[in-house]
Q: 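Let me give you the structure first, and then I'll get to my questions.
From a predicted model like this one, the values you see are computed outputs, not experimental measurements. Residue indices begin at 1 and follow the sequence shown.
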Amino acid sequence: MASVILERNRKKRLEQGHPWVYAGEVASVEGNPEAGGLVDVLNHQGRFLAVGYYNPASQIRVRIVSQGPLAIMDTAFFAERFTNCLQHRERFLPGADAYRLVYGEADFLPGLIVDRFGDILVVQLLTLGMDKRRAEIVEALVQIMAPRGIYERSDVSVRELEGMEQTTGVLYGECPRHVTVSENGLKLVVDIEEGQKTGYFFDQRENRASIAPLMKGWGGRSGITLQEIEAEDGSLQTLPVNKSGKHVTFPYWDGATVLECFSHTGSFTLHACKYGAKKVTCLDVSAHAIESAKVNVDLNGFSDRVEFVVDDAFAYLRNQVKGLEERSERATIASGTESTVASTNAKSGGKTTKTDTSKPMTAGGGKTWDVVILDPPAFAKTKSAVAGACRGYKDINLHGMKLVNEGGYLVTASCSYHMQPDLFLETIADAAKDAGKVLRLVEWRAAGKDHPQILGVNEGHYLKFAIFEVRSKK
């Protein structure tokens with residue numbers, strides 16, 4: 001087998017478990033390695049380090065698949081790896097029928113993603129080394145998982161960096177476009193053909209469940225309390241009663257009002273309703289995503305508590321804040337502390353603007369919520385995009401926290417690897433300072449158990465998830 005010899009002065013990442021060898025770390029190549037074929041990886045002294053597959057067209061020249069000798073990646077090789085993957089998921093997600101079965105490097109199968117949706121598997125072949133072994137991969141998946149169908153979603157731009165075209169289609173059996181699965185006791189319909197990535201984002205499973213404590217305990221703000229009152233049969237029952245002394249029959253009287261932005265299939269909306277939310281606003285810029293969310297909300301019987309909005313989240317949040325500020329100003333004027341036509345702090349073209357309270361509001365927003373959830377797509381897909389991503393994250397978090405009712409919660413996430421945790425928290429802190437808010441961190445999480453992380457492989461530590469209590473400084 002051909003060999004790749006590494007530079008003497010390289011960083012010893014490989015010895016620490018990192019699965020990538022970059023082109024700049026390669027001193028020489030011995031033999032004639034086939035593109036996508038296996039090579040031994042040796043240090044500058046000729047000592048064996050690992051085996052990986054080789055691609056001269058990629059900046060990641062070798063991706064490691066074994067720390068010991070390996071002659072071939074055949075069906076038996078993949079079957080053994082898939083068995084290990086399945087055992088891990090069954091241990092940490094007992095009874096689940098939908099999860100990420102194979103998570104690339106973290107499952108020692110770099111360049112391969114497999115998501116399970118019940119008896120349907122969705123596969124992404126991201127690298128040349130895996131693409132050349134699609135037959136063995138399919139055969140091993142059929143052997144270990146016995147699926148009804150396997151569908152390929154290799155429609156990702158990273159394949160082009162490997163010198164391959166994007167591709168989709170059925171690899172095995174029958175694959176319906178829409179598949180119904182369950183998560184945390186909820187039913188979800190997933191579009192495996194047109195949904196984002198493989199159709200669903202499993203990495204937030206545990207994070208979605210973590211919002212449960214935020215969904216109840218809000219009835220007191222409306223003056224509703226639990227009291228003992230006499231029922232028709234003369235017995236005493238503890239029931240919710242409003243300030244007028246009347247029994248409140250609405251079952252979700254103690255629930256939170258919730259805004260979910262970047263909703264995709266409405267997964268956080270579903271969990272909010274499951275855990276007792278009073279009313280949820282489900283927002284996404286994609287009409288297709290909102291239609292998917294509607295199907296899932298209907299499927300779980302939550303339609304009476306959810307409103308759907310198709311809009312750009314940045315514009316929607318800004319509009320709500322603008323309306324909130326205008327309402328606040330009008331309330332100040334109405335209280336008699338200022339004249340009917342009052343100066344505002346806003347300035348346009350160097351001139352102070354005026355608000356005439358005799359005229360209708362110019363902004364259509366002004367709503368606030370007990371819980372605001374921000375789960376955007378990756379804003380920084382490259383290192384050069386970090387500065388712009390910081391502006392984007394600051395913008396949505398600043399406006400989002402302004403719309404949280406006093407003492408409510410901001411749920412915010414970033415799936416950009418290049419947005420490192422310290423920078424993400426720093427960006428949110430900057431937003432809080434500008435918004436005049438004090439944040440208390442009550443939850444900090446990463447990706448779920450079906451997205452394990454190899455220690456030392458920072459590229460796998462991409463997801464940041466936080467829950468903050470939001471309070472005003474004044």
Q: Side chains of W20 and E105: do they bring a donor and an acceptor to under 3.5 Å?
A: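 The criterion, which ignores hydrogens and geometry beyond distance, is satisfied for E105 and W20.
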Q: Angle between ring planes, F379 versus F314, binned at 30° and 60°: parallel, tilted or perpendicular?
A: tilted
Q: Is a salt bridge present between R89 and D107, judged by a nitrogen-to-oxygen distance below 4.0 Å?
A: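 Yes, charged N to carboxylate O under 4.0 Å.
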Q: Taking the side chain as C-beta and beyond, is there a heavy-atom pair between P19 and R63 under 4.5 Å?
A: no
Q: Would you say D422 has more than 12 foreign heavy atoms packed within less than 6.0 Å of its CG?
A: no
Q: Roughly how far, to the nearest 0.5 Å, is the OH atom of Y409 from the CD atom of E443?
A: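 If we round to the nearest 0.5 Å, E443:CD and Y409:OH are 11.5 Å apart.
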Q: Using a strict 4.0 Å threshold on nitrogen-to-oxygen distance, state whether E162 and R159 make a salt bridge.
A: no
Q: Heavy atoms, side chains only, cut-off 4.5 Å: are E206 and K449 in contact?
A: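 When only atoms from C-beta onward are counted, K449 and E206 do touch, with a gap below 4.5 Å.
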Q: Measure the spacing between CZ of R208 and CG of D375 and express it to the nearest 0.5 Å.
A: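 It is 7.5 Å, given to the nearest 0.5 Å.
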Q: Just wondering, do V29 and Y54 contact through their side chains at under 4.5 Å, heavy atoms?
A: yes
Q: When you compare the side chain of K12 with that of N43, does any pair of heavy atoms fall below 4.5 Å?
A: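 Result no, sub-4.5 Å side-chain heavy-atom pair not found.
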Q: Run the side-chain contact (heavy atoms from CB on, under 4.5 Å) check on S263 and L283 step by step: do they pass?
A: CA-CA 6 Å; S263 65; L283 179 145; 5.7 Å; no
Q: With a 4.5 Å limit on heavy-atom distance, are the side chains of F302 and T269 in contact?
A: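 Result no, sub-4.5 Å side-chain heavy-atom pair not found.
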Q: Which of these, E80, E139, E136, sits in a side chain to side chain donor-acceptor pair (under 3.5 Å) with T75?
A: E139
Q: Atom NZ of residue position K197 - does it have more than 12 heavy atoms of other residues, nucleotides or ligands inside 6.0 Å?
A: no
Q: Rounded to the nearest 0.5 Å, what separates atom NZ in K132 from atom CG in L125?
A: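 Nearest 0.5 Å value for the NZ-CG distance: 13.5 Å.
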Q: How close do C175 and I120 get, heavy atom to heavy atom, and via which atoms?
A: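 Where C175 meets I120 most closely, the heavy atoms are CA-CD1, 4.4 Å.
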Q: Between F465 and F424, is the ring centroid distance below 6.0 Å?
A: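 Between F465 and F424, the centre distance exceeds or equals 6.0 Å.
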Q: Would a distance-only check, ignoring hydrogens and angles, find a side-chain to backbone donor-acceptor pair under 3.5 Å from D254 to K216?
A: no
Q: F78 ring centre to R133 NZ or CZ under 6.0 Å, with the angle to the axis within 45°?
A: no
Q: Any chance you could measure Y103, atom OH, to C85, atom SG, to the nearest 0.5 Å?
A: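 It is 13.0 Å, given to the nearest 0.5 Å.
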Q: Please determine whether a side-chain nitrogen of the Lys or Arg among R61 and E25 lies less than 4.0 Å from a carboxylate oxygen of the Asp or Glu.
A: no
Q: Return yes if some donor-acceptor pair links the side-chain N/O of N319 with the main-chain N/O of A315 below 3.5 Å, else return no.
A: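 Judged by distance alone, no pair lies under 3.5 Å.
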Q: Between K278 and D370, does any side-chain N to carboxylate O distance fall below 4.0 Å?
A: no
Q: Could you tell me whether E15 and R10 make a salt bridge, using a distance below 4.0 angstrom between a side-chain N and a carboxylate O?
A: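 Looking at E15 and R10, the cut-off is met.
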Q: Is there a side-chain contact between S414 and Y393, using heavy atoms and a 4.5 Å cut-off?
A: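 Side-chain contact under 4.5 Å: yes.
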Q: Does S66 reach the main-chain N or O of G68 with its side chain, forming a donor-acceptor pair under 3.5 Å?
A: yes
Q: Would you check if the side chain of D312 reaches a backbone N or O of V285 as a donor-acceptor pair within less than 3.5 Å?
A: no
Q: Between L423 and C390, what is the shortest heavy-atom contact and its length?
A: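 That closest heavy-atom pairing would be CD2-SG, 3.7 Å.
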Q: Within a 6.0 Å radius of atom NZ on K274, are there more than 12 heavy atoms belonging to other residues, nucleotides or ligands?
A: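 Atom NZ in K274 is packed in, count exceeds 12.
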Q: Can you tell me if N207 uses its side chain to pair, donor with acceptor, with the backbone of A446 under 3.5 Å?
A: yes
Q: Going by atom types alone, do S384 and T382 pair a side-chain donor with an acceptor below 3.5 Å?
A: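 A donor-acceptor contact under 3.5 Å links the two side chains.
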Q: What is the minimum heavy-atom distance between W218 and G408, and which atoms define it?
A: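 Taking W218 first and G408 second, the nearest heavy atoms are CH2-CA, 3.7 Å.
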Q: Main chain of E183, side chain of R205: is a donor-acceptor contact present, judged purely on distance under 3.5 Å?
A: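 Absent.
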Q: Hey, does V41 have a side-chain heavy atom less than 4.5 Å from the side chain of V51?
A: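 A side-chain contact is absent here, since even the closest heavy-atom pair is not under 4.5 Å.
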Q: If you round to the nearest 0.5 Å, how far is CE of M130 from CE of M164?
A: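 It is 11.0 Å, given to the nearest 0.5 Å.
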Q: Are D434 and K394 close enough for a salt bridge, meaning some N to O gap below 4.0 Å?
A: yes
Q: Can any side-chain N or O of N296 pair as donor or acceptor with the backbone N or O of T265 at less than 3.5 Å?
A: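 Present.
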Q: Should R116 and D97 count as an ion pair when the cut-off is N to O under 4.0 Å?
A: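 No, this pair does not count.
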Q: Any non-hydrogen side-chain atom of M215 less than 4.5 Å from a side-chain atom of H271?
A: no
Q: Just wondering, are more than 12 heavy atoms of other shown residues or ligands nearer than 6.0 Å to CD in E160?
A: yes
Q: Please check if the side chain of R81 supplies one atom and the backbone of F108 the other of a donor-acceptor pair under 3.5 Å.
A: yes
Q: Going by atom types alone, do T167 and E152 pair a side-chain donor with an acceptor below 3.5 Å?
A: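 No pair is found: no donor N or O on one side chain lies under 3.5 Å from an acceptor on the other.
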Q: More than 12 foreign heavy atoms under 6.0 Å from CD of E406: is that the case here?
A: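 Buried by this count: over 12 neighbours within 6.0 Å.
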Q: Please check if the side chain of K437 supplies one atom and the backbone of V404 the other of a donor-acceptor pair under 3.5 Å.
A: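 No, the answer is negative, given that no donor and acceptor are paired below the 3.5 Å cut-off.
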Q: Measure the NE2-CG distance between H88 and L101 for me, rounded to the nearest 0.5 Å.
A: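 Reported value, rounded in 0.5 Å steps: 10.5 Å.
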Q: Determine whether a donor-acceptor pair (N or O, by modelled atom type, separation under 3.5 Å) exists between the side chain of R445 and the backbone of Q204.
A: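 No: the side chain of R445 does not pair with the backbone of Q204.
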Q: Run the numbers on L317 and C261 for side-chain contact (heavy atoms from CB on, under 4.5 Å), then give the verdict.
A: CA-CA 9 Å; L317 291 170; C261 297; 4.0 Å; yes
Q: Could you verify whether a donor N or O on one side chain and an acceptor N or O on the other, from H18 and R13, lie under 3.5 Å apart?
A: yes
